[in-house]
Amino acid sequence: MTQKSSKITIGLPVYNREKFIRKRLDNILSQSFQNFKIIIYDNSNDSTPCICKKYDEKEGRILYVHEKKSRGIEYAFNYVLKKADTEFFVWAASDDLWATNFLEKNISILEKQSKI
């Protein structure tokens, strides 16, 4: 997992997303703003766990948790949110893609406008 100095946690609950997860993780990892960590919570029974484990092994900013027993979507989202320990947090969907400057622009706005 990442060093404590990460600015933002990206929460990524997943379930059976083998068709999307590689592209999604590559998209997140290619962000112009790099001071983040990713928490992936997974209950998949397809090849998603194998894919996520490979990313976790090569990328120090990922915390990957795979539980075979499903506890429901609410548990997954709450687990990820409770594990976040950074100044900022953002949810990421496994089938969504961000512009490469998505985090950079949002962090800039948040830092300039403290009331947000």
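Quick caveat: nothing in here was measured; it's all calculated off a predicted structure.
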Are Ile10 and Lys37 packed together at the side-chain level, in the sense that at least one heavy-atom pair is separated by less than 4.5 angstrom? no
Hey, mind stepping through Leu29 and Glu59 against side-chain contact (heavy atoms from CB on, under 4.5 Å) and telling me if it holds? CA-CA 9 Å; Leu29 293 169; Glu59 178 57 55; 3.7 Å; yes
Hydrogens and angles aside, do Glu67 and Tyr79 bring a side-chain donor and acceptor to less than 3.5 Å of each other? no
Is there a donor-acceptor pair closer than 3.5 Å between any side-chain N or O of Asn27 and the backbone N or O of Trp98? yes
To the nearest 0.5 Å, what is the distance between CD (Glu87) and CG (Asn35)? 10.0 Å
Hey, what's the ring geometry for Phe89 with Trp91, parallel, tilted or perpendicular (30° and 60° as the breaks)? perpendicular
Step by step, work out the side-chain contact (heavy atoms from CB on, under 4.5 Å) result for Leu12 and Leu25. CA-CA 10 Å; Leu12 183 58; Leu25 289 172; 3.8 Å; yes
Can you find a heavy atom in the side chain of Thr9 that is under 4.5 Å from one in the side chain of Val90? no
Note, Arg22 side chain near Tyr55 side chain (heavy atom, < 4.5 Å): yes
Would you tell me whether Thr48 and Glu18 have side-chain atoms, one donor and one acceptor, within less than 3.5 Å of each other? no
State the CG-CZ distance between Leu97 and Phe20, to the nearest 0.5 angstrom. 10.0 Å
Measuring from Ile38:CD1 to Ile40:CD1, what's the distance to the nearest 0.5 Å? 6.0 Å
Are Asn43 and Lys69 side-chain neighbours, meaning at least one heavy-atom pair lies under 4.5 Å? no
Are Val14 and Ile21 close enough, and set up right, to give a side-chain contact (heavy atoms from CB on, under 4.5 Å), and what steps lead you there? CA-CA 8 Å; Val14 296; Ile21 197 66; 3.8 Å; yes
At what distance, to the nearest 0.5 angstrom, does CG of Asp96 lie from NZ of Lys23? 11.5 Å
With heavy-atom distances below 4.5 Å as the criterion, would you say the side chains of Tyr64 and Tyr41 are in contact? no
Would a distance-only check, ignoring hydrogens and angles, find a side-chain to backbone donor-acceptor pair under 3.5 Å from Arg24 to Ala93? yes
Contact between Thr86 and Phe36 at the side-chain level, heavy atoms closer than 4.5 Å - yes or no? no
Between Ser32 and Thr100 (side chain of the first, backbone of the second, donor and acceptor by atom type, cut-off under 3.5 Å), is there such a pair? yes
Heavy-atom distance under 4.5 Å between the side chains of Phe88 and Ile107, does that happen here? yes
Where is the tightest heavy-atom contact between Ser44 and Asn16, given as atom of each residue plus distance? OG-N, 2.5 Å
For Asn106, is there any backbone N or O sitting under 3.5 Å from a side-chain donor or acceptor partner on Glu111? no
Considering only NZ, NE, NH1 and NH2 on the basic side and carboxylate oxygens on the acidic side, decide whether Arg17 and Asp95 come within less than 4.0 Å. yes
Note: Ala76 and Pro13 closest approach over all heavy atoms is CB-CB, 4.2 Å
Do Leu103 and Ile8 have side-chain heavy atoms sitting under 4.5 Å apart? yes
Closest non-hydrogen atom pair between His66 and Pro49, with its separation: NE2-CG, 3.4 Å
Answer yes if the side chains of Tyr15 and Asp42 hold a donor-acceptor pair under 3.5 Å, and no otherwise. no
